[in-house]
Enquirer: 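Just passing along the structure, written as structure tokens.
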2 protein chains.
Amino acid sequence: MLIGELAAQTGTTTRALRYYEEQGLLESDRTPSGYRVYSPHAVTRVRNVRDLLASGFTIDNVKSFVRYLDTDLPEVFEYSPSCADGYGVGARRVAELGEKIASLTRMRDILVHRMPWLASPNDAAQKEAA
Amino acid sequence: MLIGELAAQTGTTTRALRYYEEQGLLESDRTPSGYRVYSPHAVTRVRNVRDLLASGFTIDNVKSFVRYLDTDLPEVFEYSPSCADGYGVGARRVAELGEKIASLTRMRDILVHRMPWLASPNDAAQKEAA
DNA sequence: CTAAGCATTGACCCATGCGTGAAGGTCAAC
DNA sequence: GTTGACCTTCACGCATGGGTCAATGCTTAG
């Protein structure tokens, strides 16, 4: 299949697919005239990439999972030592997200401290969510 | 005073001061040879800009406060209708920060949901912090 | 033949607050 | 006169995931 069809089947754009290929996450054959040709497996692969991106991983993170992208990913990953490297990536990413969250939360708290009259609704929602 | 001394007195860099000027947050006279010359008021101004940035405002936000930057800012802003526009900026910024925090938190929760074995320490700290 | 609708590579754009050179002019002191 | 410490204006770089042209080629139906 050509790139437009793959884009349609995976709900993304041709630009994104070329980007994934540029990042080493996707392969393609070429017609004599240079068009990218994909096997049906590419659909799974692209869905997995987008799944992981939507789960909060970065493109660089996803590169670490490249070995697992050709089969459907489970909803929840069991712990198995054969995937320890992937788990390290997950742990680091969670730590990064935690730091960013903490940093933004500090900023928001400083702001609310200096402007107390804009405090309550967000604060209540925040405490409830945690 | 010249830019280097202003940088030293405000604990920042010459690069940052030129950037603030480029953004319309700081003014300077020039010597015949083109050096920037600042009045002592500039020290207060720069400190206020950095104070607001450290409080979680963006450069664009600070531009809205440009009228108030020549006198010392209070630690906590009282509510007064004469500054309603500034308060709107504060409210919007707090909302933006809240959205970013919520978005990152959603991502982290999805990740932890898919990789449950990396859950606890961050989670506990998070709930405690809120 | 030609137009429509696909494809190609290349390259700039977004936001954020500066850091970090490069290449050069100015000023005070020795 | 020359060294060294200051100053000047560019202008690229960062991290993120593509968006959005531009200029051009391929393919197929009318």
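Here is the naming used below: chain letters follow the sequence lines, and residue numbers restart at 1 for every chain.
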Enquirer: Tell me: CG of B/Leu26 to C1' of C/dC18, nearest whole Å?
Expert: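 That distance rounds to 15 Å.
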
Enquirer: What is the separation between atom CD1 on B/Ile59 and atom P on C/dA15, rounded to the nearest whole Å?
Expert: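 The answer, rounded to whole Å, is 14 Å.
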
Enquirer: Look at the side-chain N and O atoms of B/Tyr19 and state whether any lies under 4.0 Å from the OP1 or OP2 oxygen of C/dG19.
Expert: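 Indeed not, no polar side-chain atom of B/Tyr19 lies that close.
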
Enquirer: Check B/Asn48 against B/Asp70 and note the closest heavy-atom contact, atom names and distance.
Expert: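 Heavy atoms only, the tightest pair is ND2-N, 4.3 Å.
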
Enquirer: Between D/dC26, C/dG25, C/dA7, spot the one nearest the side chain of B/Tyr35, thanks.
Expert: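 Output: C/dG25.
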
Enquirer: OP1, OP2 of D/dC26 versus side-chain N and O of A/Arg36: anything below 4.0 Å?
Expert: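 No, A/Arg36 has no side-chain N/O under 4.0 Å of OP1/OP2 on D/dC26.
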
Enquirer: How long is the line joining CD of A/Glu21 and P of C/dA7, in whole Å?
Expert: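 Interatomic distance, CD of A/Glu21 to P of C/dA7: 14 Å.
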
Enquirer: What about A/Arg18, does its side chain sit under 3.5 Å from the base of C/dT9 through a donor-acceptor pair?
Expert: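 No, the side chain and the base share no sub-3.5 Å donor-acceptor pair.
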
Enquirer: With a 4.0 Å limit, can you tell me whether A/Arg15 has a side-chain N or O closer than that to the phosphate oxygens OP1/OP2 of C/dT9?
Expert: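 Checking C/dT9 against A/Arg15, no side-chain N or O comes under 4.0 Å of OP1 or OP2.
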
Enquirer: Of A/Leu25, A/Asn61, A/Leu69, which meets side chain to side chain contact (heavy atoms under 4.5 Å, CB included) against A/Leu52?
Expert: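 Looking at A/Leu25, A/Asn61, A/Leu69, the match for A/Leu52 under the side chain to side chain contact (heavy atoms under 4.5 Å, CB included) is A/Leu69.
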
Enquirer: Let me know the distance between CG of A/Asp29 and C1' of C/dT8, rounded to the nearest Å.
Expert: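 Atom-to-atom, A/Asp29 to C/dT8, this comes out as 16 Å.
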
Enquirer: Can you measure B/Phe57 atom CZ to C/dG17 atom P for me and round it to whole angstrom units?
Expert: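 My rounded result for the distance is 12 Å.
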
Enquirer: Kindly say whether A/Gln9 contributes a backbone atom to a donor-acceptor pair with the side chain of A/Arg47 at under 3.5 angstrom?
Expert: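 Yes, the answer is positive, given that a donor and an acceptor are paired below the 3.5 Å cut-off.
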
Enquirer: Rounded off to whole Å, could you give me the CD1-to-P distance for the B/Ile3 and C/dC27 pair?
Expert: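 So the two atoms are 16 Å apart, to the nearest Å.
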
Enquirer: Assign A/Thr13 to base, sugar-phosphate, or nothing according to its heavy-atom contacts below 4.0 angstrom with the strands shown.
Expert: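 Sugar-phosphate, no base atom in range.
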
Enquirer: Using whole Å, report how far CG of B/Leu17 lies from P of D/dC7.
Expert: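 Value for this atom pair: 10 Å.
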
Enquirer: Closer to the 5' end of DNA chain C via nearest nucleotide, is it B/Glu96 or B/Thr31?
Expert: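 Looking at the nearest nucleotide for each, B/Glu96 comes out on the 5' side.
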
Enquirer: Out of D/dT27, C/dT8, D/dC7, which nucleotide sits closest to the side chain of A/Ser33?
Expert: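 Taking heavy atoms from C-beta onward, the closest nucleotide is D/dT27.
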
Enquirer: Starting at CZ of A/Arg106, measure out to CG of A/Leu104 and round the result to the nearest 0.5 Å.
Expert: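 Atom-to-atom, A/Arg106:CZ and A/Leu104:CG are 9.0 Å apart.
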
Enquirer: For B/Gln23 and C/dC18, what is the distance between atoms CD and P respectively, to the nearest whole Å?
Expert: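 Whole-Å distance recorded here is 10 Å.
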
Enquirer: Show, in sequence, the C-alpha distance, side-chain angles and deciding distance for A/Trp117 and B/Phe77, and conclude whether the ring-ring contact (aromatic ring centres under 6.0 Å, His included) test is met.
Expert: CA-CA 9 Å; A/Trp117 34 265; B/Phe77 296 98; 8.1 Å; no

